[in-house]
Amino acid sequence: MALTTIPGMSIIEPALGAAPSFGVSATLAANEILAARHRRGEPVLHMAFGEAGLDVHPLLRDALADAAGRNGYGPVAGLPALREAAAGYWTRRDLPTTPDQVVTGPGSKALLFGLIAAIGGDVVLPRPSWVSYAAQASLAGVQARLVPGAAGVPEAARVANVAAAARAAGRPVRAVIVTVPDNPTGLLAQASAIRALCAVAEQHNLVIISDEIYRDLIFDAAPPYTSPSAFSAERTVVTSGVSKNLALGGWRLGVVRLPEGPLGAELRDRLLAIASEIWSAPAAPVQEAAALAFREPAALVAHVAASRRLHARVARAVAARFAAHGAVVPTPQAAFYVYPGFGPVADVLRHKHGITADTDLAGLLLRRYGVGVLPGSAFGEESWRLRLRVACSMLYGSTSERRSAALASDDPCALPWIAESLDRLDEVLAEVVSLRITGPGGARDA
Ligand code: PLP
């Protein structure tokens, strides 16, 4: 602990107050281990990070360069051209939106934090759910209540119970977050689950935050898309951005659609107050380029369609590798994630490696084999379920040429560098779950 002596005071006290309830993400630690292995020339499979793994489209690159001279802060809610374009994006998706309903920010992550703080009460999250929601709730000084669910939507009946108990205890829940489609599971919620949750939200007066950042990356065979705004328009806040569909995570640009009516107006005022004291506005040149993105010219629509196809093919191939080695794996429906569970081979993992928790499994894959994945427990999942969140998008290639070839290919998994990664994954999984023990005396049966 850092100690500071304050001049004129005889007391020695720590320089810092209480630490946040969470640390720097496990992905950073994994990154360092993978980088060290890479430097030593050892095989590495980067599957821990939620980067879209593709390059910036030239149209967007040019739009950003052309706007480099924009150096004013601009309005807190975002440039009118961007808000208008984002309103058009939602309107084209059957969600009529006016520019006044749109607030922009430096990534939807920052906006989500702003929303949680603006709502100012406890929040229900699906278990499992994206790592940052619970951490943000804690930063905002509210409690996150994890409720089991499927595909990014907490189970309605359980949410009703939690909300009723919280109200009776004098500390009502104010909001529920859904992720449609979902990270970590890569699944798209059924309309019936969303409809049931909306009914509970109405009953208990909950704001619904619908994180729809992966909406444009839904694979062909997935069920039809349903947003909670279809059922509960007046209490649903939708967040989105350009990080995933257009691989612009580092540009830090996100958008919120606030509902029409008094709740939306009040939330807008509160969110803008928070934004004005933290980020002022997203970077102006990025806003200009993002306005082009949300206008969706044909070339960008085709680019997103190609990336969706690539994500689908590689995610399915990765899922098949895990399934072939005994894991239970839901067929990926969106984004670029696979969510295998090693429950069916739990006995082998315990017997052979002494593994009973997902963190140990992720640790083994990382340290012994250079395979970076995240344990399900990082997403609030119970550790004994032995689930892993596997991101496939870093397999597309380490150079621009390779990533472009992957994007253009009808059979990306046959490209040598992707095939090599899939083979390596096969080899590692075979070794991890095989009942044969390899040691100094050679292989023998366990
Ligand atoms: N929501 C989910 C579910 C995500 O997975 C991510 C990024 O990983 C974000 C939000 C944040 O996206 P942004 O880059 O817009 O901050």
Side-chain angles (χ1 to χ4, degrees), residues 25-28 31 46-54 56 60 78 82 86 89 102-116 123 125-137 139 144 146 149 151-154 176-189 208-218 227-228 237-257 271 275 278-279 282-283 286-287 289-290 293-294 311 315 332-339 373-374 376 378-381 389-394:
S25 72
T27 49
L28 293 184
N31 208 11
H46 271 283
M47 305 181 95
F49 315 114
E51 288 265 15
L54 292 166
V56 180
L60 293 167
L82 173 56
Y89 167 92
V102 178
V103 173
T104 72
S108 61
K109 191 183 217 172
L111 290 166
L112 283 159
F113 171 71
L115 286 166
I116 293 170
V123 51
L125 307 178
R127 180 196 294 278
S129 55
W130 180 48
V131 286
S132 294
Y133 304 135
Q136 292 189 345
L139 276 179
L146 270 87
V153 175
V176 54
I177 300 185
V178 297
T179 318
V180 203
D182 187 34
N183 170 17
T185 61
L187 298 178
L188 180 63
I208 303 168
I209 299 178
S210 185
D211 180 345
E212 303 186 3
I213 190 128
Y214 296 100
R215 171 168 187 168
D216 292 338
L217 298 180
I218 298 172
S227 167
V237 180
V238 179
T239 61
S240 189
V242 288
S243 303
K244 311 298 176 179
N245 53 350
L246 290 163
L248 298 175
W251 283 20
R252 307 313 300 127
L253 193 287
V255 286
V256 169
R257 179 195 185 273
L271 181 59
I278 304 183
W279 59 79
V286 170
Q287 290 192 60
F294 282 111
H311 296 317
Q333 294 174 320
F336 29 77
Y337 304 117
V338 176
Y339 197 56
V373 293
L374 293 183
F379 301 83
E381 186 78 87
R389 205 286 311 261
V390 182
C392 307
S393 38
M394 302 299 275

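Throughout, residue positions are numbered sequentially from 1 according to the sequence presented. Order of listing sets the numbers, starting from 1, for every ligand and every atom in it. Computed from a prediction, not measured in an experiment: that's the story for all the values here. Values below: all heavy atoms of this structure, side chains included; hydrogens, waters and symmetry mates excluded.
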Novice: Sequence neighbours excluded and cut-off under 3.5 Å, please list the side-chain donor-acceptor pairs for residues 241-256, or say none.
Specialist:
residue : atom : partner : partner atom : Å
Lys244  : NZ   : Gly50   : O            : 2.9
Asn245  : ND2  : Asp216  : OD2          : 3.2
Arg252  : NH1  : Gly249  : O            : 2.9

Novice: Do the rings of His46 and Phe49 sit parallel, tilted or perpendicular, given the 30° and 60° boundaries?
Specialist: tilted
Novice: Going by atom types alone, do Asp182 and Tyr339 pair a side-chain donor with an acceptor below 3.5 Å?
Specialist: no
Novice: Tell me, which residues have any heavy atom less than 4.0 Å from some atom of ligand 1?
Specialist: Gly107, Ser108, Lys109, Trp130, Tyr133, Thr179, Asn183, Asp211, Ile213, Tyr214, Ser243, Lys244, Arg252
Novice: Counting only N and O atoms by type, is there a donor-acceptor contact under 3.5 Å from the side chain of Gln333 to the main-chain atoms of Leu188?
Specialist: yes
Novice: List in chain and number order the residues that pass ring-ring contact (aromatic ring centres under 6.0 Å, His included) with Tyr337, two or more places apart in sequence or in another chain; answer none if no residue qualifies.
Specialist: Tyr214
Novice: Quick one: list whatever passes side chain to side chain contact (heavy atoms under 4.5 Å, CB included) with Ala315, sequence neighbours left out.
Specialist: Phe219, Pro332, Val338, Cys392
